[in-house]
Amino acid sequence: NTADIQQRAATAIATVAAVGDDCRDAVVSAGCVQALVDASNRHPDLPGVLERCCYALSVIAANNAAAQEALIDAHAVTAITRALRLWPRRANLVNKGVTALANVASGSAACKMALVHTGGVGAVCESMEEHIGHAEIQQTGCYCLAGVSRGGDTAVRALVRSGGIR
């Protein structure tokens, strides 16, 4: 079935991207970021697909400015935010989604503001509240909020307005 294929493809993309920057760049150049967003949009009712897509997007965005920008351009932050809100009790999905957003938040000022303007910061806070006892979600959520806060006064004010300080 299509969903199973997309879930396996997302895992394969993550595996390739994890090898190094050259492979991550190849994944981005091949349009895989948009393909992952499209798969997420096609299967909002399948948390397994969303989890794998969030994982692949988190690997792609890790420590790579061009990849982080590609996630913004493909509206990946919106797709990840939607997944977090659709399946708030799925700890594995939430952990992968928050990690992806934290990796984007480590990028440029535009990346940080994208998290604020798409509701990503609010989704991270909601995820942290839902999984108060999950140390990894708490830690990664804090990394995400700290990343956004390093975007200057405008980002900090937007962070406060969006509920990032509770």
| task | Give a yes-or-no answer on whether the side chains of Glu69 and Ser108 include a donor-acceptor pair shorter than 3.5 Å. | result | yes

| Looking only at atom types and distance, does a side-chain atom of His43 sit under 3.5 Å from a main-chain N or O of Leu46, one as donor and one as acceptor? | no

| said: Grouping I, L, V, M, F, W and Y whenever their side-chain heavy atoms are under 4.5 Å apart, do Met128 and Ile80 come out in a common cluster? | reply: yes

| Test log, rule side chain to side chain contact (heavy atoms under 4.5 Å, CB included), inputs Leu36 and Ile60 | CA-CA 11 Å; Leu36 291 164; Ile60 292 168; 3.7 Å; yes

| Would a distance-only check, ignoring hydrogens and angles, find a side-chain to backbone donor-acceptor pair under 3.5 Å from Gln68 to Ala61? | yes

| task | For Ser29 and Ala26, indicate whether the former's side chain and the latter's backbone hold a donor-acceptor pair under 3.5 Å. | result | no

| Does atom CZ of Arg42 have more than 12 heavy-atom neighbours, drawn from other residues, nucleotides or ligands, at distances under 6.0 Å? | yes

| Is there side-chain contact between Leu84 and Leu101, with heavy atoms separated by less than 4.5 Å? | yes

| query | Just how far is it from atom CG of Leu57 to atom SG of Cys53, taken to the nearest 0.5 Å? | reply | 6.5 Å

| Between CD on residue Gln7 and CD on residue Glu51, distance to nearest 0.5 Å | 7.5 Å

| task | Determine whether His75 and Thr118 make a side-chain contact, defined as any pair of heavy atoms from C-beta on separated by less than 4.5 Å. | result | no

| Backbone N/O of Asp45 and side chain of Trp87: donor-acceptor pair under 3.5 Å | no

| said: Can you list everything that forms a salt bridge (charged side-chain N to carboxylate O under 4.0 Å, His left out) with Arg52? Sequence neighbours excluded, please. | reply: none

| message | Using the rule that Ile, Leu, Val, Met, Phe, Trp and Tyr join whenever any side-chain heavy atoms are under 4.5 Å apart, tell me whether Val16 and Leu71 fall into a single cluster. | response | yes

| query | Just by distance, do the side chain of Gln138 and the backbone of His131 share a donor-acceptor pair under 3.5 Å? | reply | yes

| query | Measuring from Gln6:CD to Leu50:CG, what's the distance to the nearest 0.5 Å? | reply | 10.5 Å

| Counting only heavy atoms not in Asn63, do more than 12 sit closer than 6.0 Å to its CG atom? | no

| What heavy-atom pair brings Ile72 and Ala114 nearest, and what distance separates the two atoms? | CD1-CB, 3.4 Å

| said: For Thr81 versus Gly120, what's the shortest heavy-atom pair and its separation? | reply: OG1-CA, 3.4 Å

| Is Arg24 reaching over with its side chain to a backbone N or O of Val59, donor-acceptor style, under 3.5 angstrom? | yes

| request: Calculate, to the nearest 0.5 Å, the distance between atoms CG and CG belonging to Leu86 and Leu93 respectively. | output: 9.0 Å

